[in-house]
Amino acid sequence: DIQGFVHKFNEEELPPQRYWLFNLYEIDKWEYSKSNKLAMMHYTENDPNLHQKDISRNINVANKVKPGDWLVGYLPSKKIVGVGKVDRELFEDDAIENGFDGNWAERIGVNEWQYTSTPVFVEDFKEALGLILPNMLSTNAINEISKEGFKHAKKLLEDKFMKKPENNVI
């Protein structure tokens with residue numbers, strides 16, 4: 001009699017988590033992302049305002065982001081705004097009702113953003129967050145960072161009284 005089969009995963013069998021620095025561009029994009037549990041980009045296929053190589057490069061990087069990975073949201077002013085665990089791979093929402101009239105359609109689902117009420121400036125941004133080469137902050141919406149860089153970002157946010165919805169502190 002086989003009463004059941006239970007398979008236990010040890011850490012070596014689980015896919016490794018990866019850590020990503022995600023450019024949220026502007027406060028309004030961050031507020032929308034935070035409220036809607038997502039992170040979004042503006043690299044829509046066939047956008048006449050963008051080069052196809054930039055679109056392809058950003059979509060290719062975004063496709064590497066998987067559920068269980070972590071995002072560090074940042075603004076171009078070298079300020080981090082929050083961290084969130086990915087719960088949905090890249091998807092597109094180009095409906096007019098998507099919050100940006102069909103723009104900013106490429107999105108990654110985030111289980112819940114953990115954040116501070118004000119962005120945190122990061123001194124020596126690239127080094128402090130452990131950007132993994134090749135990093136292309138000026139042209140990529142998403143760049144991979146080290147686990148140590150993620151921990152540093154999370155600590156900086158925690159030191160600024162990080163908040164989660166319902167006032168749960170990490």
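Values below: all heavy atoms of this structure, side chains included; hydrogens, waters and symmetry mates excluded.
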With a 6.0 Å cut-off on ring centres, are Tyr25 and His42 close enough?
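Yes, ring centres under 6.0 Å apart.
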
Does the gap between the ring centers of Tyr32 and Trp104 come in under 6.0 Å?
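Distance test on ring centres: not under 6.0 Å, no.
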
If we only count heavy atoms from C-beta on, is the [X] to [Y] side-chain gap below 4.5 Å?
{"X": "Glu106", "Y": "Ile59", "value": "yes"}
{"X": "Lys66", "Y": "Arg18", "value": "no"}
{"X": "Ile80", "Y": "Leu129", "value": "yes"}
{"X": "Ile142", "Y": "Met41", "value": "yes"}
{"X": "Glu123", "Y": "Phe121", "value": "yes"}

Could you check whether Asp69 and Trp20, counting side-chain N and O atoms only, form a donor-acceptor pair closer than 3.5 Å?
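Distance-only check passes for Trp20 and Asp69.
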
Would Leu21 and Leu131 count as a side-chain contact (heavy atoms from CB on, under 4.5 Å) if you check the C-alpha gap in whole Å, the side-chain angles of each, and the deciding distance to 0.1 Å?
CA-CA 8 Å; Leu21 190 59; Leu131 260 68; 3.6 Å; yes

When you check the gap from the basic side-chain N to the acidic O, do [X] and [Y] get nearer than 4.0 Å?
{"X": "Glu148", "Y": "Lys151", "answer": "no"}
{"X": "Lys85", "Y": "Glu112", "answer": "no"}
{"X": "Lys155", "Y": "Glu158", "answer": "no"}

Give the ring-plane orientation class for Phe150 versus Trp70, where under 30° counts as parallel, over 60° as perpendicular and anything between as tilted.
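Because their plane-to-plane angle lies in the 30° to 60° range, the rings of Phe150 and Trp70 count as tilted.
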
Could you tell me how the ring of Phe125 sits relative to the ring of Tyr74: parallel (under 30°), tilted (30 to 60°) or perpendicular (over 60°)?
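If you compare the ring of Phe125 with that of Tyr74, the planes turn out tilted.
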
Linking I/L/V/M/F/W/Y whenever any side-chain heavy atoms sit under 4.5 Å apart, do Ile55 and Phe100 land together?
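Cluster IDs for Ile55 and Phe100 match.
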
According to a 4.5 Å side-chain heavy-atom criterion applied to Ile, Leu, Val, Met, Phe, Trp and Tyr, with indirect links allowed, do Met136 and Val122 form part of one hydrophobic cluster?
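In one cluster: no.
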
Closer than 3.5 angstrom, by distance alone: can the side chain of [X] be matched with the main-chain N or O of [Y] as a donor-acceptor pair?
{"X": "Asp93", "Y": "Ala95", "value": "yes"}
{"X": "Trp30", "Y": "Pro119", "value": "no"}
{"X": "Asn58", "Y": "Thr139", "value": "yes"}

Quick one: side-chain hydrogen bond (donor to acceptor under 3.5 Å, both in side chains) partners of Arg107, sequence neighbours excluded?
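Residues passing side-chain hydrogen bond (donor to acceptor under 3.5 Å, both in side chains) with Arg107: none at all.
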
Asn98: side-chain hydrogen bond (donor to acceptor under 3.5 Å, both in side chains) partners, not counting sequence neighbours
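Asn98 satisfies side-chain hydrogen bond (donor to acceptor under 3.5 Å, both in side chains) with no residue once adjacent residues are dropped.
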
Going from [atom1] on [X] to [atom2] on [Y], what distance comes out if it is rounded to the nearest 0.5 angstrom?
{"X": "Thr116", "Y": "Lys79", "atom1": "OG1", "atom2": "NZ", "value": "10.5 Å"}
{"X": "Arg88", "Y": "Asn111", "atom1": "CZ", "atom2": "CG", "value": "13.5 Å"}
{"X": "Ser33", "Y": "Phe22", "atom1": "OG", "atom2": "CZ", "value": "7.0 Å"}

May I have the step-by-step check of side-chain contact (heavy atoms from CB on, under 4.5 Å) for Ile132 and Asn143, ending in yes or no?
CA-CA 8 Å; Ile132 295 175; Asn143 285 274; over 6 Å; no

Test side-chain contact (heavy atoms from CB on, under 4.5 Å) on Leu75 and Ile27; report intermediate values, then the result.
CA-CA 8 Å; Leu75 301 172; Ile27 286 291; 3.6 Å; yes

Starting from the C-alpha separation in whole Å, work towards a yes-or-no answer on side-chain contact (heavy atoms from CB on, under 4.5 Å) for Tyr19 and Glu144.
CA-CA 6 Å; Tyr19 305 90; Glu144 191 168 8; 5.8 Å; no

